[in-house]
Each structure stands twice: as structure tokens, then as C-alpha cells.
Amino acid sequence: MHKILNTERKTIRYMYENLVIVESPAKAKTIEKFLGKDFFVTSSMGHIRDLEKKDFGIDIQNNFTPKYEITSDKKKLVTELKKLAKDSKVIWLASDEDREGEAISWHLQETLGLDPKTTKRIVFHEITKEAILNAVQNPRPLDLNLVNAQQARRVLDRIVGFEVSPVLWKKVKPSLSAGRVQSVAVRLIVEREREIIGFTTTSAFRVSASFLVPEKDGKITELKAELNRRFDTKEEANAFLEKCKNAEFQISEVVKKPARRSPAPPFITSTLQQEASRKLGFSVSQTMSIAQKLYESGKVTYMRTDSVNLSGLAIDAAKQMIIKTMGEKYHQVRQFKTKSKGAQEAHEAIRPAYMDQEEISGTNQEKKLYDLIWKRTIASQMAEAELEKTTVTIDISTVPEKFVATGEVLIFDGFLRVYIESSDDEDQNGGQKGLLPALSAKQILRWDKIHATERFTQKPPRYTEASLVKKLEEQGIGRPSTYAPIITTVQNRGYVVKEDRPGTEREFTELILSGQKISSKVKTEQTGAEKSKLFPTDIGMVVNDFLVKYFDLIMDYNFTAKVEKEFDEIAEGELVWNDMIQSFYTPFHSKVENALNEAERTNGVRVLGTDPTSGLEISVKIGRFGPLAQLGEVTEGGEKPQFASLRSGQHIETITLEDALELFKLPRNLGEYEGKTVTVAIGRFGPYVRHDSKFISLEKNVDDPYSIELTRAIELIEGKREKDANALIKAFEENPELKILNGRWGPYIVYKKNNYKIPKTTDAAQLSLDDCMTLIDKQPAPKKSRKK
DNA sequence: CAGTGAGCGAGCTTCCGCTTGACTT
């Protein structure tokens with residue numbers, strides 16, 4: 001699709017009556033259709049100005065006056081907008097109706113030098129013809145209170161980020177960062193991890209019985225019921241089963257209760273991210289970029305929103321769709337109210353642009369996400385589901401405990417016909433869903449088997465990207481446009497990693513009463529396996545503890561909520577923004593000073609104990625190159641301590657003395673070969689032998705670094721030499737730094753530790769040194785390690 | 001590409017929220 005630049009369009013029509021500026025280009029396109037030919041609609045692409053990038057950007061002495069500059073990637077756009085504005089009679093500032101949007105309009109007015117007399121501010125919450133035309137009929141002046149609330153927000157975030165981060169550089173490690181949002185996100189993950197580490201698992205025996213119920217037609221149906229208590233020990237469970245052997249089981253009551261279930265509201269950014277993660281397995285950023293595609297091609301409404309509101313048009317369209325395809329009784333008009341903290345509601349909920357479009361063309365992922373959005377939106381306008389829940393209580397003649405069976409029958413599916421919301425907690429109790437057999441009170445039941453199974457208490461769950469977003473939103477921390485970036489930021493800073501971790505096997509006991517016999521079995525199950533979960537790193541934990549200790553105010557989960565309240569007061573004109581910042585700054589800055597003066601350099605050191613052989617102290621801490629274990633202490637004139645890096649999977653917080661001692665058994669010196677020492681150690685890619693500054697990996701599942709001997713090591717060294725010799729096509733005496741080698745993808749040149757391609761048509765063995773050099777020159781310099 | 005574990009200390013790092021595009025093997 002050909003994109004028409006603003007300047008190109010200008011050549012088509014060179015004087016405009018009206019210039020409308022919105023935030024997003026896709027929105028500009030849609031709106032222009034509604035407004036007709038007297039209006040030219042363009043976009044600012046978000047903010048065009050920000051605090052100075054290089055310096056602090058705030059004149060603290062001078063009442064916190066912000067120093068703004070045009071953002072580097074917006075310079076071209078701003079010159080273009082200036083030109084357009086000069087050639088137009090009326091400028092309509094149509095950025096979003098929230099704090100940031102109002103500020104964008106104000107920055108535009110200031111930067112483009114717009115005359116307030118010919119500048120109009122308009123707002124709308126939905127992109128429908130009616131809403132747009134209505135907005136144009138009702139322009140208003142810029143709301144400077146709202147603008148000031150944004151300036152306060154911006155200035156506060158800069159102060160927090162740019163005053164606290166340097167404290168970390170001095171006291172912990174260079175290049176670290178802290179911020180109102182990211183530091184609290186990390187805190188959530190760190191504290192959850194500590195809950196998991198500190199959790200003690202206990203077990204109890206859960207008892208379930210299967211009864212055999214004869215039906216009218218002579219068939220026998222199984223009824224599963226669970227005991228209303230658990231037993232702490234195997235002995236108690238066994239004693240209970242003994243008493244069941246000759247007991248009579250009689251139904252004491254059958255209770256039927258109607259139940260209703262209502263649909264969830266339509267999607268907002270956070271709920272879309274959660275459902276796409278649970279149902280489709282998308283990462284948060286994946287969801288956003290797919291949604292962006294759908295938005296840009298006009299298939300869904302704006303994807304960064306905190307409002308559950310649907311336009312009247314959408315509600316009507318959904319109604320028609322539901323009545324047409326499912327009938328009147330499935331329809332129910334619903335208006336949802338946004339309940340999340342700090343919502344600003346500048347847009348609609350995320351919904352299909354055209355409700356009658358049930359399927360779209362596009363990539364598979366786009367289709368899936370659209371389908372999810374379509375179903376959720378339709379379901380939100382549908383009738384409740386009606387259920388009947390049945391609870392059957394069964395008395396046991398020999399003991400006071402009772403068995404309970406539950407069943408659920410769908411009387412009317414309602415919205416469930418289209419969409420079922422999923423949840424983070426897996427279904428724990430295996431209660432019988434669906435229809436129960438016909439039962440009545442006083443009925444005597446015959447049992448088949450009774451199981452007493454050992455079940456363990458569950459550790460709190462680690463956060464996924466999506467469940468972290470949910471938590472942040474609940475606390476009012478972050479905005480729809482920042483949820484995805486927050487998650488990448490905390491990972492880029494090295495505070496958090498997203499990983500899979502294997503589980504461990506666990507044994508559990510099961511007692512089965514069958515006939516008159518109780519049998520006991522020990523079974524195994526997998527536990528603790530994690531997939532795509534967020535884990536704090538060692539540095540994440542150290543930084544978090546430092547921040548909590550010295551900056552308790554900004555690390556408080558309620559800090560954002562508290563300042564948001566004050567931003568609201570500024571927006572209402574009840575509070576002067578500079579005053580608010582001043583009263584935050586005075587105590588905050590003294591905390592910064594205090595941390596700079598008082599705090600020791602922090603490395604998260606943890607003393608594990610003493611080495612039984614040497615009697616030296618063993619500790620773990622963050623070193624220059626990451627977490628390490630240290631044997632011995634630095635003393636004047638004394639022996640230097642020994643160091644060893646922690647392996648992947650080992651952490652300062654959890655490593656044991658035994659594991660740390662193991663680390664010092666490597667590297668092992670195996671002896672000499674050809675006059676050079678042979679050592680064995682474990683590196684990032686596993687165990688290796690080192691000889692003559694060469695690294696040779698040990699063979700997996702064959703060699704053990706702790707026991708391998710010199711003869712085997714020599715075997716490995718020779719084996720590697722042979723392999724390298726086979727790989728060598730040609731070497732040059734004149735320049736030993738250059739070689740032609742045979743690799744996995746054919747011949748290539750290696751020169752000064754960089755690899756270069758050889759064109760497929762040339763015979764590698766025939767290349768001269770000069771030929772090689774020209775090939776090297778032709779190829780672009782290899783990229784340096786990517787670091788941002 | 002796997003080791004290292006402070007030295008003389010230059011000059012640098014950093015925030016949150018609003019948007020879209022682009023260096024490819």
C-alpha cells in the first residue's frame with residue numbers, strides 16, 4: 001500500500017481551511033473520511049517534545065521549571081506540521097482526552113506557535129461519525145490544569161529516575177536504573193520469589209469415593225464424592241478407611257440451587273494481554289504488535305485503552321448480530337463501568353470495527369486475536385448463563401464425616417455459547433461437573449472404591465508477563481501504553497529473567513480401599529516445573545533490597561496511587577503543580593543525600609559458613625562479572641581469597657554451603673601434556689578441558705569434570721585436533737591469523753577471530769592470500785556485540 | 001564463545017508515557 005506523505009498531499013491541495021491534528025496516523029485516516037473535504041487530518045505520532053534528554057531537564061532552583069526540547073525523531077515532523085499550520089486557517093487539536101493527550105495539544109500549540117484565537121481543542125472518546133461531528137460542534141480551550149497535572153507527572157518521574165539511579169551507580173553497580181514503575185514491578189517479583197523460597201510444603205490425605213448408582217434403565221452410573229475433611233497423616237487416613245469397610249452410606253440430602261453467570265466486560269489492554277496469553281500463548285508484546293496490525297488495517301478499535309465502554313453504534317451492531325444468528329433471548333444490552341484505579345478512559349474498549357465481520361483475512365495470529373476480540377465483544381452483550389448446581393451429602397454410619405458430591409447442569413448457555421473467560425488458577429478440585437444421576441434423600445449407596453490420596457499445599461505462583469500486568473493494573477501502576485515496555489525494561493536491566501525451569505519428582509502415597517482390602521502405593525509426580533515465568537536475578541534482589549532500605553517511600557506499592565490522587569487535584573485546579581513537586585522533593589532529596597552519605601557499597605554478601613577442610617569462611621556476593629562464591633577473606637598481608645562464579649541456576653539467596661564448596665573443586669589441574677598444563681572446569685556451555693589456551697568440551701553423559709583423568713583428557717585434546725585438522729582447508733605461513741576452514745555450511749575464511757563467507761562458485765582450496773583479503777574487504781565489518 | 005574478581009580513573013550510564021518505523025544475516 002502506498003503511503004501518502006503530508007508533503008505529497010500538499011501538492012494536491014495547497015491551502016486548507018482546517019487542519020486537524022490527532023495522535024495516531026491510522027486514526028487520522030479514519031477521521032478524514034468523516035469530516036469531508038474542508039478538513040485535512042494529520043497526526044503528531046504521540047508526544048513531540050520532552051524534557052532534555054542529556055541533562056536533568058528540570059530547573060530545580062527555579063520552581064522546577066521544565067526544560068523541553070523537540071524529541072530527536074520528531075524534528076522533521078515538527079517542521080512539516082509548522083508548514084501545514086501556517087497554510088491553514090483553523091487548527092483543531094484533537095489529541096486524546098486524557099492527561100497526556102492534553103499535554104500533547106499544549107506542546108503542539110507552544111511548539112508550532114499557534115494563535116489561540118484560531119486554535120480549537122476538540123475531544124471524542126470513540127471514532128464514529130457522530131462523535132467526531134459532535135466534537136467539531138463543541139470545541140473548548142486547552143485545559144491548562146490538566147496540562148499541569150501531566151507536567152507534574154513527567155517532572156516527578158524524571159526526578160525519581162535521575163536522582164535514584166546515580167545512587168545505584170555509586171553504591172551497587174554502574175548503569176543500573178530505578179524508577180517509580182520499574183522498581184515496584186521488580187519488587188513484586190522479588191517478594192513473590194521470597195514467598196516461594198520461604199514456603200513450607202505440607203501434605204494431607206484427600207479422600208474420594210466412587211459410588212455405583214443404578215439408573216431406571218438398569219445402567220449403572222458412577223458418582224464421585226469427596227470427603228468433607230482431610231487427614232494429616234497416613235495413619236489417620238488408614239483408620240478412616242478401616243471404618244468405611246463395614247459402614248452404610250446413605251444420602252442425607254440432595255440440594256438443588258439455581259446459579260447465574262454473567263459475561264466479562266469487553267477487552268481493555270490489560271485483559272486482552274491476559275486472555276491472549278492464557279488462550280493463545282502470546283507474549284504481552286506479541287499481543288500488542290498483532291493488535292496494532294489489526295488497528296492499522298481498520299479491523300479493530302484502538303488497542304491501548306483502559307475503558308470498557310462500547311459506542312452506541314457498536315452496541316447496536318452487536319445486538320443485531322446476536323438476534324440474527326442466535327435469537328432474541330440470547331441478547332442483553334450491557335453498559336460496563338470501568339473500575340480500575342487511575343483509568344483515564346480516552347478511548348473505547350478494544351472491539352471489532354465492524355461487528356458483522358465475524359472473520360477477517362490476515363496472518364494466523366491476526367485471525368486468532370481478532371476472533372478472541374470478536375467473541376469477547378459479542379459475549380459482553382449477551383444474556384446470562386443459567387445453571388443448576390446440585391449438592392448431594394452422604395452420611396457414613398460409622399463416623400461423623402460426610403461425603404459430598406457436586407454437579408452442575410447448564411439450563412441455558414447464554415453468553416457461554418460464544419465465550420468462556422479463563423483464569424490463572426488451574427482447576428484444583430476434581431469435583432464432578434455435569435449431570436449427576438437421579439438421587440433422592442435416604443437412598444442407600446453402594447461403593448466401589450475409596451481413595452485416600454496424599455496432596456501437597458501449593459507454593460504461591462510465580463508471575464507470568466500477563467499476571468504481572470494484571471497486578472500492576474490493580475495497583476494503578478503503569479499505563480496501557482507501557483505494560484509491554486515495562487516487562488522488557490526490567491529484563492533488559494538484568495533484574496528479571498523469563499525462563500522455563502524443570503520440575504522435580506516427588507513421591508506421594510495413595511491408599512485404596514477396594515472390597516475389604518486396603519492397599520498402599522507410593523507414586524511419583526512432577527512438581528514445580530515452570531514455563532515462561534518471571535524470576536528475579538541476584539542483582540535484581542540486591543538492588544531491590546537496597547531501594548527498599550533507603551527509598552521506602554517510592555518503593556511503597558501505594559506510592560503511585562498517592563501521587564495520582566495529587567495529580568487529579570492539580571487537574572481539578574485545587575493544587576498548584578510546582579507546590580506538589582516541592583513537597584515531594586524536599587523529603588525525597590534528603591533521602592538521596594542520606595543514601596549517598598550513609599550507605600555502604602552493597603554487594604548482597606551472604607556468609608554461608610566455613611570450609612571444614614581449610615576453616616576459611618565461605619560467602620557469596622555480586623562481583624564485577626556477576627554472582628560469585630568467595631573462599632577466605634581479604635586480610636592485610638594474608639592469603640588472597642579464592643573466587644568461583646556461581647553456575648546458572650544457582651543464586652545468592654538459595655545456594656547451600658555444600659554446593660558452594662563444590663565450586664572450588666574446579667578448575668582441577670590434571671597434569672601436563674606437551675609441556676603445557678591441562679585443567680578441567682565448567683563454563684557457560686558446560687564442562688570443558690583447557691590446554692594450550694584451547695577449550696574442548698567434555699562429552700555429555702560420558703565424562704565427569706570431577707573425576708576425569710589426564711589420559712582421557714589427552715584423548716579429547718587429540719580428538720579435537722584431528723577434527724580441526726579435517727576442517728582446515730588451507731593455512732598461510734605469511735599470515736597465521738588467516739585460515740580457510742570447512743564448517744557446517746561449507747568453506748569459510750576465519751581472520752582475526754571473525755568469520756567471512758566464500759562465494760559458492762569459487763573453489764576454496766585454490767584461493768590465495770590476496771584473494772582472501774579482497775573477499776574480507778568486500779564484506780561488511782562484523783557487528784559488534786549488540787549492546788544498547 | 002567458556003578465564004577474570006580492581007589498579008590511575010576519563011566519560012558514560014538513568015526515568016515514564018505518547019506514538020510509529022526499520023540496519024539484516
Side-chain angles (χ1 to χ4, degrees), chain A residues 3 22-28 43-51 53-58 71 73-74 77 95-96 98-105 107 150 153-170 173-183 289 292 295-296 302 304 344 346 477-483 485-486 489 493 554 560 603 621-630 634 640-645 647 666-667 679-690 693-698 745 753 755 757 779-780 782-783 785-788:
Chain A
K3 240 185 205 159
V22 296
E23 286 182 42
S24 137
K27 200 193 257 187
S43 68
S44 74
M45 310 262 195
H47 276 294
I48 53 152
R49 271 205 320 190
D50 191 14
L51 298 176
K53 203 170 152 40
K54 280 205 101 179
D55 298 317
F56 200 76
I58 301 163
T71 319
D73 58 338
K74 296 288 165 57
L77 178 75
S95 48
D96 298 345
D98 56 17
R99 210 160 59 202
E100 299 296 327
E102 201 69 17
I104 287 172
S105 281
H107 280 302
Q150 192 274 347
R153 199 280 305 156
R154 182 67 192 91
V155 164
L156 179 111
D157 283 337
R158 172 58 68 87
I159 289 174
V160 170
F162 276 35
E163 290 211 3
V164 178
S165 299
V167 178
L168 293 176
W169 305 343
K170 283 208 181 73
K173 217 178 132 176
S175 302
L176 294 174
S177 67
R180 172 179 57 87
V181 171
Q182 59 166 287
S183 296
S289 70
Q292 173 100 23
Y295 166 66
E296 282 170 4
Y302 196 57
R304 292 187 274 259
Q344 308 206 8
I477 299 165
R479 304 277 313 129
S481 68
T482 60
Y483 296 137
I486 289 166
T489 302
R493 294 267 163 268
I554 60 161
T560 290
N603 53 25
K621 66 177 187 187
I622 301 267
R624 174 78 178 82
F625 307 106
L628 62 85
Q630 178 177 333
V634 186
K640 260 196 184 170
Q642 262 185 280
F643 298 99
S645 291
R647 306 242 172 85
L666 294 177
T679 55
V680 60
I682 295 179
R684 255 177 68 200
F685 306 132
Y688 63 89
V689 168
R690 189 178 162 204
S693 65
K694 284 195 182 74
F695 297 90
I696 304 118
S697 291
L698 298 198
W745 295 286
K753 295 194 172 175
N755 297 343
K757 284 186 296 190
Q779 281 174 46
K783 266 183 258 177
S785 63
R786 47 195 149 117
K787 233 183 161 185
K788 267 199 162 182

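Below, all heavy atoms of this structure are taken into account, side chains as well, without hydrogens, waters or symmetry copies.
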Item to complete: Look at A:Ser481 and B:dG17 and indicate whether a side-chain polar atom (N or O) is within less than 4.0 Å of OP1 or OP2.
Response: no
Worksheet item: B:dC16 C1' sits how many Å from A:Ile58 CD1, rounded?
Response: 12 Å
Discussion item. Once you apply a heavy-atom cut-off of 4.0 Å, does A:Leu51 come out as touching a base, just sugar-phosphate, or nothing?
Written reply: nothing
Fill in: All salt bridge (charged side-chain N to carboxylate O under 4.0 Å, His left out) counterparts of A:Lys27, not counting sequence neighbours
A:Asp96
Response to the item:
Taken to the nearest 0.5 Å, the spacing of A:Arg479 CZ from A:Ile486 CD1 works out to 10.5 Å
Practice prompt. Treat a base pair as Watson-Crick or G-U wobble with both distances under 3.5 Å, then lay out DNA chain B in dot-bracket form, 5' to 3', with | for cross-strand pairs.
Written response: .........................
Discussion item. Just to be sure I understand the rule, does A:Tyr302 reach a base, reach only the sugar-phosphate, or reach nothing, if contact means heavy atoms closer than 4.0 Å?
Written reply: sugar-phosphate
Item to complete: Please name all residues satisfying ring pair (Phe, Tyr, Trp, His ring centres under 6.0 Å) with A:His107, sequence neighbours left out, ordered by chain then number.
Response: A:Tyr68
Practice prompt. State, to 0.1 Å, how close A:Pro25 and A:Met45 come at their nearest heavy-atom pair, and which atoms those are.
Written response: CG-SD, 3.9 Å
Item to complete: Kindly write out the residues that satisfy side-chain hydrogen bond (donor to acceptor under 3.5 Å, both in side chains) with A:Gln642, not counting sequence neighbours, or none if the list is empty.
Response: none
Fill in: Exercise: identify the closest heavy-atom pair between A:Ser95 and A:Ser105
OG-OG, 2.5 Å
Item to complete: Could you list the residues that satisfy salt bridge (charged side-chain N to carboxylate O under 4.0 Å, His left out) with A:Glu163, not counting sequence neighbours?
Response: none
Worksheet item: Checking all strands, does A:Gly46 fall into the base, sugar-phosphate, or nothing category for heavy-atom contacts under 4.0 angstrom?
Response: base
Fill in: Listed nucleotide nearest any side-chain atom of A:Tyr688, set B:dC18, B:dT19, B:dA2
B:dA2
Discussion item. Can you see if the side chain of A:Arg180 gets near the phosphate of B:dT14 - specifically, an N or O under 4.0 Å from OP1 or OP2?
Written reply: no
Discussion item. From the set B:dC15, B:dA2, B:dT14, return the single nucleotide nearest to any side-chain atom of A:Thr489.
Written reply: B:dC15
Practice prompt. Please name all residues satisfying ring pair (Phe, Tyr, Trp, His ring centres under 6.0 Å) with A:Tyr295, sequence neighbours left out, ordered by chain then number.
Written response: A:Tyr302
Worksheet item: For A:Arg493 and B:dT14, is the shortest distance between a side-chain N/O and OP1 or OP2 below 4.0 Å?
Response: yes
Response to the item:
Closest to the 5' end of DNA chain B, once A:Arg158 and A:Glu296 are matched to their nearest nucleotides, is A:Arg158
Practice prompt. For A:Gln630, report the nucleic acid contact type (base, sugar-phosphate, nothing); a contact means any heavy atom under 4.0 Å.
Written response: nothing
Discussion item. What is the separation between atom CZ on A:Phe162 and atom C1' on B:dC16, rounded to the nearest whole Å?
Written reply: 11 Å
Discussion item. Once ring pair (Phe, Tyr, Trp, His ring centres under 6.0 Å) is applied, do any residues pair with A:Phe695, and if so which ones, sequence neighbours excluded?
Written reply: A:Tyr688
Worksheet item: Mapping A:Trp169 and A:Met45 to their closest nucleotides on DNA chain B, which lands nearer the 5' end?
Response: A:Trp169
Worksheet item: Can a donor-acceptor pair under 3.5 Å be found between the side-chain atoms of A:Arg479 and the base atoms of B:dC18?
Response: no
Discussion item. With a cut-off of less than 4.0 Å, is there a side-chain N or O of A:Ser24 near OP1 or OP2 of B:dT20?
Written reply: yes
Discussion item. Can you see if the side chain of A:Gln182 gets near the phosphate of B:dC15 - specifically, an N or O under 4.0 Å from OP1 or OP2?
Written reply: yes
Practice prompt. Would you mind reporting whether A:Gln150 and A:Ile104 have side-chain heavy atoms less than 4.5 Å apart?
Written response: no
Worksheet item: Of all the choices, B:dT20, B:dC18, B:dG17, which nucleotide is nearest to the side chain of A:Asp96 once you look at every atom?
Response: B:dC18
Worksheet, complete the sentence: From CG of A:Leu176 across to P of B:dC12 the rounded distance in Å is 19 Å
Worksheet entry | Rounded interatomic separation in angstrom, taking CG from A:Leu168 and P from B:dC15 | 11 Å
Discussion item. By the 4.0 Å heavy-atom rule, please label A:Pro166 as base, sugar-phosphate, or nothing.
Written reply: base
Response to the item:
note: A:Asp73, atom CG; B:dT20, atom C1'; distance rounded to Å ~ 9 Å
Practice prompt. Name the closest nucleotide to the A:Tyr295 side chain, picking from B:dG17, B:dT20, B:dC16.
Written response: B:dT20
Worksheet, complete the sentence: Rounded to whole Å, the NE2-C1' distance (A:His107 to B:dC16) equals 13 Å
Worksheet entry | Donor-acceptor pair present, A:Ser175 side chain and B:dT13 base, under 3.5 Å | yes
Worksheet item: Contact class for A:Ala103 vs. all strands (heavy atom < 4.0 Å): base, sugar-phosphate, or nothing?
Response: nothing
Worksheet, complete the sentence: Those residues at least two apart in sequence (or on a different chain) that pass salt bridge (charged side-chain N to carboxylate O under 4.0 Å, His left out) with A:Arg304 are none
Worksheet item: Are side-chain heavy atoms of A:Thr560 and A:Arg180 found at a separation under 4.5 Å?
Response: yes
Strictly under 3.5 Å: I want the nitrogen or oxygen pairs between protein and nucleotides 9-11 of chain B, one per line.
none

Discussion item. By the 4.0 Å heavy-atom rule, please label A:Ser44 as base, sugar-phosphate, or nothing.
Written reply: nothing
Worksheet item: Listed by chain and number, what are the side chain to side chain contact (heavy atoms under 4.5 Å, CB included) partners of A:Ser165, not counting sequence neighbours?
Response: A:Trp169, A:Ser177, A:Ala178
Using the 3.5 Å cut-off, write out each protein N or O paired with an N or O of nucleotides 5-8 of chain B and the distance between them.
from  : atom 1 : to       : atom 2 : distance (Å)
B:dG5 : O6     : A:Ser645 : OG     : 2.2
B:dG5 : N2     : A:Arg624 : N      : 3.3
B:dG5 : N2     : A:Phe625 : N      : 2.5
B:dG5 : N2     : A:Gly626 : N      : 3.1
B:dG5 : N2     : A:Gly626 : O      : 3.0
B:dA6 : N6     : A:Arg624 : NE     : 2.8
B:dA6 : N1     : A:Arg624 : NE     : 2.6

Fill in: Proximal nucleotide (of B:dT20, B:dC16, B:dA2) relative to the A:Arg153 side chain
B:dC16
Worksheet entry | A:Glu100, nearest nucleotide to its side chain (from B:dC16, B:dC15, B:dC18) | B:dC18
Item to complete: Scan A:Val160 against the nucleic acid and name what it touches under 4.0 Å (heavy atoms): base, sugar-phosphate only, or nothing.
Response: nothing
Discussion item. Distance check needed: B:dC1 P versus A:Ile696 CD1, whole Å only.
Written reply: 17 Å
Worksheet item: Once you round it to whole Å, what is the distance between C1' of B:dC18 and CG of A:Asp50?
Response: 10 Å
Worksheet entry | Pairing residues for A:Arg153 by the salt bridge (charged side-chain N to carboxylate O under 4.0 Å, His left out) criterion, not counting sequence neighbours | A:Glu100, A:Asp157
